[in-house]
Amino acid sequence: MSLTDVARPEQHLSVVEREHDKDFAELAARLERDGLTADTLVDAVLEFEVALPSWALATGGTRFGRSPDSGKRRTLLEKMEDASLVHRLTAAAPRISLHIPWDEPTDIDAVRADAARLGLGFDAVNSNTFQDQPGQALSYKLGSFSNPSAAVRRQAIEHHLHVIEVGKALGAEAITVWLADGSNYPGQMSLRGSFERVRESLREVYAAMPQGWRLFTEHKPYEPAFYATVVQDWGSSLVLAQSLGDRAQCLVDLGHHLPNTNIELVVARLIGEGRLGGFHFNDSKYGDDDLTSGSIKPYVLFLIFHELVLAKQERLPGFDPAYMIDQSHNLKDPIEAMLQTVDQLQQAYAKACLVDAARLAEHQASGDVIMAERTLKRAYETDVRPLVAEARRRRGGALDPVAAFRASGYRAQKTAERS
Ligand code: LRH
Ligand code: MN
């Protein structure tokens, strides 16, 4: 069974195809009434691409344990095989984001060859100073870049220089730096000194980046630190990025905000400062829950994409965010969860492309609150599923990726192959 069969199992085709054609034609007629052209919107949806996190293609766990799942992936190649399948079915996930040392390549050339064969590229590489690795000389227990010990900071800097080397060898063009650094008790850590040490250490990492590379700083309010996290919020991340240089930008992980934070406002602020580097898409109810995007707060996801599409339509200089996912799946099949996620992101993007931005601006200017809100809601309340399905089909993907995956028997085949 080749991967191409996956997208279009024969017996499955006709019924779904016919229903889809009917749904798409109806939506196209509805959009035409709003002066919109379905084909133009399909092309817009096809511009949206997102990178898959290697670490979410393995079954995640919680601090309370992990549920065994069949077909557990062990190697980078197996994660790339699964990522490639997600791309085949959604036509929108052509890159994978690696985490070092979790995905430390043993043979770079082999990884590059496999990636080429699987039609995959490499997005931002992720460093890891939030775990002590076996054989590591010095512990990061009291921080990495913020650690009072110059020797520990040096060790962390060397790790980041190594991550850049791995990324360079694989053709990546960015590094994401999330630091667990922080404290659990008042007095434990100098609140200003720790930030200065992080800034000083990151200056060296920034200077080591090849031309054209970007450095993404990722903020997080708490966990594992439960009193103060050094890069705690978008403000700290922005100050850091602005002090490092033009190629330092802020990465927004949707789960890294305290309850009721207006995340679309944070996104708009960073866009306005020209410092929005990228995203870790996921969803959450309480904390950094890393749940499937669009599963808990789909309207927030839409409002975030509304800000992104406005910036794109305004052709803001330097606006080029790296779209990446950061989730962990301990209940769902990781591939199915990824297929759901990419579909949810494609839908949020499509809905945002439906917003009549000119009409919205008019209502905002005239202070017509109701009509402004209705203009947004009209787009959000449009069922765009036929649009994103059509976009996938036109690029050889599946109308319904989860259904196609289940019909493909891929899971059973891989379980047998990998056990
Ligand atoms: C931290 C984080 C970070 C990753 C890790 C896997 O919570 O969001 O982006 O390095 O998850
Ligand atoms: Mn993240």
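For ligands, and for the atoms within them, numbers begin at 1 and follow the listed sequence.
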**Q** Taking N or O atoms only and a 3.5 Å limit, does D326 qualify as a polar contact for ligand 1?
**A**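 Yes; the residue has a nitrogen or oxygen that sits under 3.5 Å from a nitrogen or oxygen of the ligand.
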
**Q** Under 4.0 Å from a heavy atom of E218: give me the atoms of ligand 1 that qualify, with their elements.
**A**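 Within the 4.0 Å cut-off of E218, ligand 1 contributes 2 (C), 3 (C), 8 (O), 9 (O).
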
**Q** If the cut-off is 4.0 Å to any non-hydrogen atom of D253, which atoms of ligand 1 fall inside it?
**A**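 This gives 8 (O) as the contact atoms.
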
**Q** Quick check: does W102 get an N/O under 3.5 Å from an N/O on ligand 1?
**A**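 N/O-N/O distance under 3.5 Å: no.
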
**Q** Would you say D326 has an N, O or S atom lying under 2.8 Å from the Mn ion (ligand 2)?
**A**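 Yes.
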
**Q** Out of all atoms in ligand 1, which are within 4.0 Å of some heavy atom of H99? Include the element for each.
**A**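 Taking each heavy atom of H99 in turn, ligand 1 has 4 (C), 6 (C), 10 (O) under 4.0 Å.
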
**Q** Using heavy-atom distances only, which candidate in F130, W55, W178 approaches atom 1 (C) of ligand 1 most closely?
**A**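 Ranked by closest heavy atom to atom 1 (C) of ligand 1, first place is W178.
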
**Q** Looking only at N/O atoms, are H256 and ligand 1 under 3.5 Å apart anywhere?
**A**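 There is such a contact, yes.
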
**Q** Confirm or rule out an N/O/S atom of H280, from backbone or side chain, lying less than 2.8 Å from the Mn ion (ligand 2).
**A**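 Checking H280: at least one N, O or S atom is under 2.8 Å.
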
**Q** Is it true that H257 and H219 share a donor-acceptor pair across their side chains at a distance under 3.5 Å?
**A**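 Yes, because at least one side-chain N or O of H219 sits under 3.5 Å from a partner of the opposite role on H257.
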
**Q** Would you check if there is a donor-acceptor pair between the side chains of W234 and E273 at a distance under 3.5 Å?
**A**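 The answer is no; no qualifying pair exists.
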
**Q** Heavy-atom contacts with H280 under 4.0 Å: which atoms of ligand 1 show up? List them by number with element.
**A**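 The atoms of ligand 1 under 4.0 Å from a heavy atom of H280 are 9 (O).
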
**Q** Looking only at heavy atoms, is any part of D288 under 4.0 Å from ligand 1, and if so is it the side chain, the backbone, or both, or is it neither?
**A**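 It is the side chain that gets close, since no backbone atom is under 4.0 Å.
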
**Q** Heavy atoms only, cut-off 4.0 Å: how does E223 contact ligand 1, side chain, backbone, both, or neither?
**A**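 Answer for E223: neither.
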
